[in-house]
Number of protein chains: 2
Amino acid sequence: MNLKELAQHLNLSPTTVSRALNGYPEVKETTRRRVEEAAREFNYMPNAWAKGLATGRSMSIGHVMPTSKMHEMVNPVFGDFITGASETYVKEGYDLKLTPVDDGDEAQRYRALRTRGNVDGFIVHGPHLTDGRIALLREIGLPFVVHGRASNMPADYPWIDMNNRRAFERATALLIELGHRRIALVNGLEHMDFAHRRREGFLAALASHGLVPDPALMRGGEMTERLGYRAAADMLDGTSPPTAFLVSSMVTAIGVRRALHERGLELGRDVSVIIHDDDLGYLRNGDDVPIFTATRASVREAGRRAAEMLLRMIRDPACAPLQSLMEAELILGRSTGPAPR
Amino acid sequence: MNLKELAQHLNLSPTTVSRALNGYPEVKETTRRRVEEAAREFNYMPNAWAKGLATGRSMSIGHVMPTSKMHEMVNPVFGDFITGASETYVKEGYDLKLTPVDDGDEAQRYRALRTRGNVDGFIVHGPHLTDGRIALLREIGLPFVVHGRASNMPADYPWIDMNNRRAFERATALLIELGHRRIALVNGLEHMDFAHRRREGFLAALASHGLVPDPALMRGGEMTERLGYRAAADMLDGTSPPTAFLVSSMVTAIGVRRALHERGLELGRDVSVIIHDDDLGYLRNGDDVPIFTATRASVREAGRRAAEMLLRMIRDPACAPLQSLMEAELILGRSTGPAPR
DNA sequence: TTGAAAGCGCTACCAC
DNA sequence: GTGGTAGCGCTTTCAA
């Protein structure tokens, strides 16, 4: 059933039916009602292609994410974020076009999506510190929202982000106040913006307490179990081992625990650990360790908000770029850890 | 730059240009070359909407996945699978339309995608044992491929799946041959097809060795750390504790380990464990435990294949439904575990 | 308040 | 081998 047929059924012109369905004011109320009813009855849905062709809008949003580091973002933040965004899209009749893209040919893919007229806007996932995509997207001229930030770029684009810096600052301060002086940081890949900010928070807290960071106690990498194990093992076997760890991601923390366990060290007795992770429900490793976290619900919320920001920009290209910072939640474990030995 | 303008530049008709670009045979080779060159030069890309409208094909594929259980599939298989599928799509000029959908209103969303003419086919993720979507999709009439299977449905649809049954059968047999008689199964949610098949494999191996399954030693649930912990704790504290565990997912296995550790039991000394997981690179918990696994590469391969199957069906609706079973790989740990005490 | 008609950019049929 | 032209289903002037 298409518009024309529907119009014939109603003894109306396609024009009027179109207007009625799209909320134009000049349609008589009774007519509109009649049309809407018939549309429901025949389960009429406008053909997206014709509509796109006629309006120039595609009613779909491109989500582009680098695949080589996929696990960093996909797992698990990405799923929840996208679910949140979809809630908004569905409500507003938009589709979500997912484009995993190799780190290399990003520019190509963005341009293609743009030129073929396939999307009305972009969500950018997993920004690096210096992320070329922002300049690229600006040049391309479609609205976009960044999930995260790119610290080394002028901050005049719209973004939504967790306050990673603050979470790590608070976590570090907490450990310092417990009496720790040698605190290890096991971080994500530090060319990723979120990891960089976490590090900054860590350093800021040290500095404001008059502590000097020890490079031997700072490590970054893909957030795997293996990284946690290697980093902790090296540090614990080093000349002056840490008494506390601050760990990016639960998975990495598991590796840290393995290294502790191998050395007969007990968490909460010999060593303190604080974890930051965005995936609580899935992998909660007991409740013995304090966690800074973006809960699943709040990541979803972030997705919803990002989508709303983007749709607003699509509708009103002149509107100011919104920026939104969300706070991580602190969940205290049973033991916040001991004073250092 | 659109087709008409490009044609004018070349002093050709739009028709010829279109034919040249779409590989029709009746174009003179020199003309084709001229056209292709110009297209590249002006960075011409056809407007997807016009093309869709004219051809009736959307050049995009819908990936629909239930969100309520999202972590089960999203994490981490989904990312790799979709990356693989995208490789195929990009090559063939297709887009990937992602639709997270609440378990409830699936029918609606599928129909909408179909009626609005938005997709040419579907990939179905995370099938349940009795999955209504298969009947629904058949009724809707677009080609689809299921990532996984639905055991309780007639198996005449196209699917691609890991051989979960066989992996668990082999794993169980391995434990039995080591001398274990009381083997625990910590499984995923058993209304999910993959989990059901794993259980079947487990039971089959017991049966073929003349062992009777003990319901107290079988547990299913969301594959979280907590499930592993609870299940193992209950079983170990029960009247006749298991001497070996077979665990679905690395994350769950971490919980099992915690329970063991709490009780002073050591893995590889007091108890054997075999894990099945599809996410090796990310969360490899040491190399001390044997793992059945679909490697990241093979999951990607599965995505590629599924996409190819689907595109084939789209092009030739009459073609027979392909079905493809992939074998999990066994990676032996340093210790395969002891004989039972 | 409604309708007729002209496109949107492309493909595909038919004629040359 | 190439070109003219009629749609695909919708929106959007302009006219009534």
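What you see is a predicted model, and the numbers here were worked out from it, not measured in a lab. Convention: sequence-line order gives letters A, B, ...; per-chain numbering from 1. What you see below is based on every heavy atom in this structure, not just the backbone, and it leaves out hydrogens, waters and symmetry mates.
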Problem set entry | Between NZ on residue Lys4(A) and OG on residue Ser13(A), distance to nearest 0.5 Å | 12.5 Å
Exercise. Between atom CD of Glu5(A) and atom OH of Tyr44(A), what is the distance when rounded to the nearest 0.5 Å?
Worked result: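 Interatomic distance, Glu5(A) CD to Tyr44(A) OH, rounded to 0.5 Å: 10.0 Å.
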[X] [atom1] - [N] [atom2] separation (whole Å):
{"X": "Lys4(B)", "N": "dG4(D)", "atom1": "NZ", "atom2": "P", "value": "12 Å"}
{"X": "Met59(A)", "N": "dG9(D)", "atom1": "CE", "atom2": "C1'", "value": "16 Å"}
{"X": "Leu53(B)", "N": "dC10(D)", "atom1": "CG", "atom2": "C1'", "value": "8 Å"}
{"X": "Met1(A)", "N": "dC10(D)", "atom1": "CE", "atom2": "C1'", "value": "16 Å"}

For this session: Evaluate the salt bridge (charged side-chain N to carboxylate O under 4.0 Å, His left out) criterion for residues Lys97(B) and Asp95(A): first the C-alpha distance (whole Å), next the side-chain angles of each, then the deciding distance (0.1 Å), finally the verdict.
Result: CA-CA 7 Å; Lys97(B) 213 161 263 180; Asp95(A) 281 329; 3.5 Å; yes
Exercise. Under 4.0 Å between a Lys/Arg side-chain N and an Asp/Glu carboxylate O for Arg32(A) and Glu37(A)?
Worked result: no
For this session: Salt-bridge test for Arg149(B) and Asp193(B): reply yes if a basic N is under 4.0 Å from a carboxylate O, no otherwise.
Result: no
For this session: Say whether Ser18(B) and Thr15(B), considering side chains only, have a donor N or O and an acceptor N or O under 3.5 Å apart.
Result: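 No.
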Exercise. Is the closest side-chain donor-acceptor distance between Ser58(B) and Asp120(B) under 3.5 Å?
Worked result: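 Yes, because at least one side-chain N or O of Ser58(B) sits under 3.5 Å from a partner of the opposite role on Asp120(B).
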Exercise. Considering only heavy atoms, which members of residues 20-28 of chain B lie under 4.0 Å from some atom of DNA chain C?
Worked result: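 By residue number: Asn22(B), Tyr24(B).
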Exercise. Under 4.0 Å: is that the gap between some side-chain N or O of Lys51(A) and OP1 or OP2 of dG9(D)?
Worked result: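 Answer is no, no contact under 4.0 Å.
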For this session: Report yes if at least one side-chain N or O of Tyr44(A) is closer than 4.0 Å to OP1 or OP2 of dG9(D); otherwise report no.
Result: no
Exercise. Can we call the ring centroids of His125(B) and Phe81(B) under 6.0 Å apart?
Worked result: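 Centroid separation for His125(B) and Phe81(B): below 6.0 Å.
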For this session: Take Thr83(A) and Ser86(A) through the side chain to side chain donor-acceptor pair (under 3.5 Å) test and state the conclusion after the steps.
Result: CA-CA 5 Å; Thr83(A) 303; Ser86(A) 285; over 6 Å; no
Exercise. Considering only heavy atoms, which members of residues 6-19 of chain B lie under 4.0 Å from some atom of DNA chain D?
Worked result: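 Asn11(B), Leu12(B), Ser13(B), Thr15(B), Thr16(B), Arg19(B) - these, ordered by number, are the residues of the stretch whose heavy atoms sit under 4.0 Å from the strand.
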Problem set entry | More than 12 heavy atoms of other groups within 6.0 Å of Glu36(A) CD |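 Counting neighbours around CD of Glu36(A), more than 12 heavy atoms of other residues, nucleotides or ligands fall under 6.0 Å, so yes.
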Between side-chain atoms of residues 310-317 of chain A and protein atoms elsewhere (two or more places apart, or another chain), which donor-acceptor pairs fall under 3.5 Å?
residue	atom	partner	partner atom	Å
Arg312(A)	NH2	Ala320(A)	O	3.4
Arg315(A)	NH2	Glu92(A)	OE1	3.0
Asp316(A)	OD1	Ala318(A)	N	3.1

Seminar exercise, completed: Hits for salt bridge (charged side-chain N to carboxylate O under 4.0 Å, His left out) against Arg305(A), two or more places apart or cross-chain, chain-then-number order -> Glu301(A)
Exercise. Just how large is the angle between the end axes of the helix from dT1(C)-dA16(D) to dC16(C)-dG1(D), five pairs per end, to 10 degrees?
Worked result: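 Both end axes considered, the difference amounts to 40°.
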Exercise. Where do Phe144(B) and Ile123(B) land on the side-chain contact (heavy atoms from CB on, under 4.5 Å) test, with the steps shown first?
Worked result: CA-CA 6 Å; Phe144(B) 64 95; Ile123(B) 301 268; over 6 Å; no
Problem set entry | Start and end of chain A contact along DNA chain C [non-hydrogen atoms, under 4.0 Å] | dT1(C) to dG9(C)
